[in-house]
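Worksheet for the structure shown next.
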Amino acid sequence: MSAAMSPDSFGDGTRVIRAVSTPASPGVPLHHGPVFAAPFHLGDAQPGASGADVYARYDNPTLREFESSMDELDGGRSLAFASGMAALSAVFYGFVSAGQRLLIPSDGYFAGRLLAENHLRRFGMETATVPTADVEQRLRSGDFPGATLILVETPSNPALDVCDIAAVAELAHQQGALLAVDNTTATPLGQRPLTLGADIVVASDTKALSGHSDLLMGHVSVLDEELLSRIKSWRDQTGSVPGPFETWLTHRSLGTLDLRLARQGQNAAALSEVLAGRPEVRDVRWPWRVGDRSYAVASRQMLRPMGVISATLESAEAVRRLLQASQLLTAATSFGGLHTTVDRRAQFGDSVSEGFVRISCGCEDTVDLVQDLGSALSASAEH
Ligand SMILES: Cc1ncc(COP(=O)(O)O)c(C=O)c1O
């Protein structure tokens, strides 16, 4: 008799494929298509009384299928949003009130800081910022008394610093704050913040989770029912719900997340070595590279590598020459997609030097990327 495997012992590839599969039943598709509907037939039932869907902004079959997969992968209860910023807004507005303080990363995704400066402040919420690498030590020193929500982004985007989620969660809870972790860069296969003590996971699923650079999507996951109902009421009443097609495409893409991350991580390992071997390239960062200042925490805390690296070239002109000489690298923002992209962050206003680039390693063959990057660097250096 063969022993049945527990779903907990399945590998990542099996878990994501199971997450996009319907239970085996004759005549049922292996993965349902999207349900396009705004209202649903009500008949003579009172809205909501029969348990049937009523109106798609509140709930619908496509959302439920995606969210139950995310429940399983994040280890909590998930709600999908129309973008990562819609998810982040739900967390900020859901858990911070006028007169309360929010702590966010000074080196994380810039739109979070803009939202705090341009909007949260108008509603009387105060924001403090702290570099990701310092958050644990600064909280330990009691530098942010009264912060009721602490957001960390680890690995941070774009500099790829990492903080210890379990240690920060303990410090946050000691001062009565909630800890939210932006898990965009790691994805749920790369890091499980809820099991490390965080209260909230927030992510842009526009990046590696959906992974094809063709849609915007986000989600929030929590452990606690009270937190879930606050986020749900924010989503219901602001209408920041994703449409069924985007939700379905994201869900469908989950099935290949393990394969995509494996190739992206392999490409990041190889390209970070190519960059580190060039005298004209400085500060190559990839948390999984031995010797990187985030390596010790990343390799202990994360479950697998991700495909984003950063490095500093001599100037904006050096980046332009590199891109011109390359056949495979393309200039584009965002990250986590199939294509290898180079994003010069100073042009988006990040406080980094002009030649700083975030490179999102895609799913092309490693040997091709290594050859292309090496020869493009050599060609651009000859100028
Ligand atoms: C770490 C991080 N969080 C949140 C966001 C916002 O996500 P979206 O663009 O899906 O609104 C981004 C976008 O780049 C990001 O990189």
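Atoms within a ligand are numbered from 1 in the order they appear, just like the ligands themselves. Hydrogens, waters and symmetry mates play no part in the numbers below; they use all other heavy atoms, side chains included.
Residue M85 has at least one heavy-atom neighbour below 4.0 Å for each of these atoms of ligand 1: 6 (C), 7 (O), 8 (P), 11 (O). Ligand 1 places these atoms under 4.0 Å from at least one heavy atom of F335: 16 (O).
For the 3.5 Å distance criterion, the side chains of S141 and D143 fail to qualify, holding no donor opposite an acceptor. S326 and D372 share a side-chain donor-acceptor pair at under 3.5 Å. N157 and T185 share no donor-acceptor pair across their side chains, judged by distance under 3.5 Å alone. Looking only at atom types and distance, the side chain of D161 has no donor-acceptor partner in the side chain of S156 under 3.5 Å away. Between the side chains of R285 and S272, no donor N or O sits under 3.5 Å from an acceptor N or O.
At the shortest separation from atom 10 (O) of ligand 1 among protein heavy atoms lies T206 OG1, 2.6 Å. Counting protein heavy atoms only, atom 16 (O) of ligand 1 is closest to N157 ND2, 2.7 Å.
The shortest N or O to N or O distance between G84 and ligand 1 is below 3.5 Å.
For atom 15 (C) of ligand 1, the candidate residues are F81, Y109, F110; the nearest heavy-atom contact is made by Y109. When the heavy-atom distances from atom 2 (C) of ligand 1 to T185, T333, D182 are ranked, the shortest goes to D182. Around atom 13 (C) of ligand 1, the closest heavy atom drawn from K207, M217, E153 belongs to K207.
The shortest non-hydrogen separation linking D350 to P158 is OD2-CG, 3.4 Å.
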